[in-house]
There are 2 protein chains.
Amino acid sequence: MTASGRPPNQLLQMLDAADFELLLPHLVTIELARATVLSEADVALRHVYFPHDGAVSITVGPSEGQTIEVAMIGRDSIVAGGAALADGIALSDAVALFPGTASAVEISAFRNAAAASARFRGLVIRHEQALFARAQQSLLCNTLHPVEARLACWLLRAYDLSNKKALPLTQDTLAQMMGVRRNAVSLVAHELQRAGIIRYSRGQIEITDLCALEATSCDCCSAVRAHHARLLRLPP
Amino acid sequence: MTASGRPPNQLLQMLDAADFELLLPHLVTIELARATVLSEADVALRHVYFPHDGAVSITVGPSEGQTIEVAMIGRDSIVAGGAALADGIALSDAVALFPGTASAVEISAFRNAAAASARFRGLVIRHEQALFARAQQSLLCNTLHPVEARLACWLLRAYDLSNKKALPLTQDTLAQMMGVRRNAVSLVAHELQRAGIIRYSRGQIEITDLCALEATSCDCCSAVRAHHARLLRLPP
DNA sequence: TGAGATGTGTCGCGCCCTCGACACCCAGTT
DNA sequence: AACTGGGTGTCGAGGGCGCGACACATCTCA
C-alpha cells in the first residue's frame, strides 16, 4: 500500500476515487511466485490482475520451444484487461517472471466496473493500446535488430519494472523470451560482461553500467516508453 | 452495397440496426488509391475507416527501410478503431496496399457511437483484440519462421482479403512488408515459381496452386484466422 | 526508335545465428 | 567425499540472410 491507501499499481493509482470504489470490494491481494500462470491462451479467464511489483511475461506460441515473449509487464500495466473486455478468452500465456504481488479481480467485477464507468473503461482501453504499442515494437525489434541490442532492451525493461539491478535470470530463460538459442545469448552476454556492462553467474544477472547498456540497446525501448507515457496520462 | 443495404464491411454488417443508425449519417464512401495514407504514427487521427475491399497495410518503423508490417487488414477489420477509442493518436502507419473503397467516419462521430452503444463498443473492442492477435502471431512468425513460410502466409492473407489470385505486387514491396531484403524474396519467389505454386512477372504475382501454398506456409495463418473468427462472432 | 525507369536474376562475401554436442564449473545432496 | 543436476562456455558445421553490386529484361515516354 502507498500513501494513497491503494495498491501500488500505476493504473489503480490513476483511478478516480469513485472508480476505485467500484473495484475496491473485489480486489484481492495475491502472491505471484515465480512461474505462476496468470492466464493461458485460448482458455477462459477467471481474473484480471493489477501487478504491484515483480514482472509478468506475456508469451505466445503453440508448442514448447516455439514460444516468444510479446511483452513484459508489471506495476505499470494490467494482465488480461483487454481480453476481459473482449470475450474473456485469453490471447496469450501470462506467467510470473519475477516474483511479487498483485491485486486480482474477478472478471465479472472487472467487466461491471468497465460497463459502469466510462472513465475506467477509457483507462483500460488506453492501457491496452499501450500494450499493443509494446507488441508492435517487439515485432519490429525482433525482426530487424541483432540479438545484442534486443538483450540490452530486455534487461532495461526488466530493470524498469523491478528497480533492481540484480535480476534472477538464466541465459536459458532469456533465450526463450527472445526466441533465440541459448548459444546466442551466451555469446552476447559474455561480450557484455567483458565490456563491464553486466555481470552474471549461475542465474543472477546484474547490470553494472546502466548508461552503457542503454547505448547498446536500440531505440525500441524509448519508443515504447514514449507511447506508454502518452497513453497513460489522463486526458485533460 | 449489399443485400442488407450496408457497405460491404464485415463489421458494419454485424452491427445491430440501431447501432448502424448511429453511424450511418456519418459514413462517407471514399476511394483508396494504392498508397493512400490513412493514418500516420504519432499523428492525431481524423477518420476511422471501414474498408470495403482492397487491403490496408499497418506498419511501424521510425525510418524508411526500417519499417515492418504489423498486419494487413481489409473488409474484415477497422483502420484505427483502437486508437480512436484510446487517445486519438495513431500508433502506426496505415497505407492502402491494394486499391479499393472504404467507409470513412469522422473520429468524433465514431467515439460518440462507441460511447452511446455498449454493443458497438464491444464489437470494436473485440475487433481490436483480433488485431492484437494478428500482431502477436506476426511477432512469433517473423522471429521464428523462415522467409519461405512467411511469404506463403502473407500471400494467403492477401488472397483472403482480395479474393483474387493475381495480386499487383513487386518483390520489393513484399520485402519491405516482411522486413527482409529483396534478395531473399527473389530467391524464395523463384523457388515457389519453379514448384508451380505461384507465377509472377513485373509486379504481378499469381497464385497457381493454393493448396501447395498452404502447405508451404506455417500455421500462423490458421491460428490468426481462428482468433478472428472467435472474436468476431457476436456473443450469445 | 532510343533513353530512362522499373522490376527481376544472381553472384559473392561475410556475418549472425541455428543446431547439436560436449566439457566444465558450481551448488546442494547424500 | 562423491554424486547429481543445473547453469554456462564453446566448438564446428552449416544455413539463412544481409549487403552491395551488376546485368538483364520489360515497360513507358519522349
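Note on naming: letters A, B, ... go to the chains in the order of the sequence lines (proteins, then strands), and numbering restarts at 1 for each one. What you are looking at is a predicted structure, and each value in this text was computed from that prediction instead of being measured.
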Are side-chain heavy atoms of Tyr200(B) and Leu192(B) found at a separation under 4.5 Å? no

Picking from dT8(D), dA25(D), dC19(C), the nucleotide nearest the side-chain atoms of Arg202(B) would be dA25(D)

Residue closer to the 5' end of DNA chain D, Ala189(A) versus Arg150(B) (nearest nucleotide): Ala189(A)

Which nucleotide in the list dT10(D), dG9(D), dT8(C) gets nearest to the side chain of Tyr200(B)? dT8(C)

Atom CG of Leu187(A) to atom P of dC19(C): distance rounded to whole Å? 16 Å

Charged N to carboxylate O under 4.0 angstrom, Arg157(A) versus Asp76(A)? yes

Does Asp172(A) make a side-chain donor-acceptor contact with the base of dG6(D), cut-off 3.5 Å? no

So which nucleotide from dT10(C), dT8(D), dT18(C) ends up closest to the side chain of Ala184(A)? dT18(C)

Separation of atom CG in Leu144(B) from atom P in dC17(C), rounded to whole Å: 14 Å

When you get a sec, tell me which of dC17(C), dG20(C), dA21(D) is the closest nucleotide to the side chain of Arg182(B)? dA21(D)

For the side chain of Asn183(B) and the base of dG16(D), is some donor closer than 3.5 Å to an acceptor across the two? no

What's the closest nucleotide to the side chain of Ser186(A) if the choices are dT10(D), dC19(D), dG7(C)? dT10(D)

So, Thr208(B) side chain and Gly196(B) main chain: donor-acceptor pair closer than 3.5 Å or not? yes

Check whether any side-chain N or O of His190(B) sits under 4.0 Å from OP1 or OP2 of dT10(C), and answer yes or no. yes

Spacing between His145(B) atom NE2 and dC17(D) atom C1', to the nearest angstrom: 17 Å

To the nearest 0.5 Å, atom CD of Glu106(B) lies from atom CZ of Arg46(B) at 7.0 Å

Rounded to whole Å, please give me the gap between CD in Glu191(B) and P in dG9(C). 12 Å

Looking at dG9(C), I'd like to know if its phosphate oxygens (OP1 or OP2) sit under 4.0 Å from a side-chain N or O belonging to Gln171(B). yes

Looking only at dT8(C), dT10(C), dG18(D), the nucleotide nearest the Arg181(B) side chain is dG18(D)

Strictly distance-based, threshold 3.5 Å: is any side-chain N or O of Arg75(B) a donor or acceptor partner for the main-chain N or O of Leu161(B)? yes

Euclidean distance, atom CG of residue Leu174(A) to atom P of dC17(C) [Å, nearest integer]: 14 Å

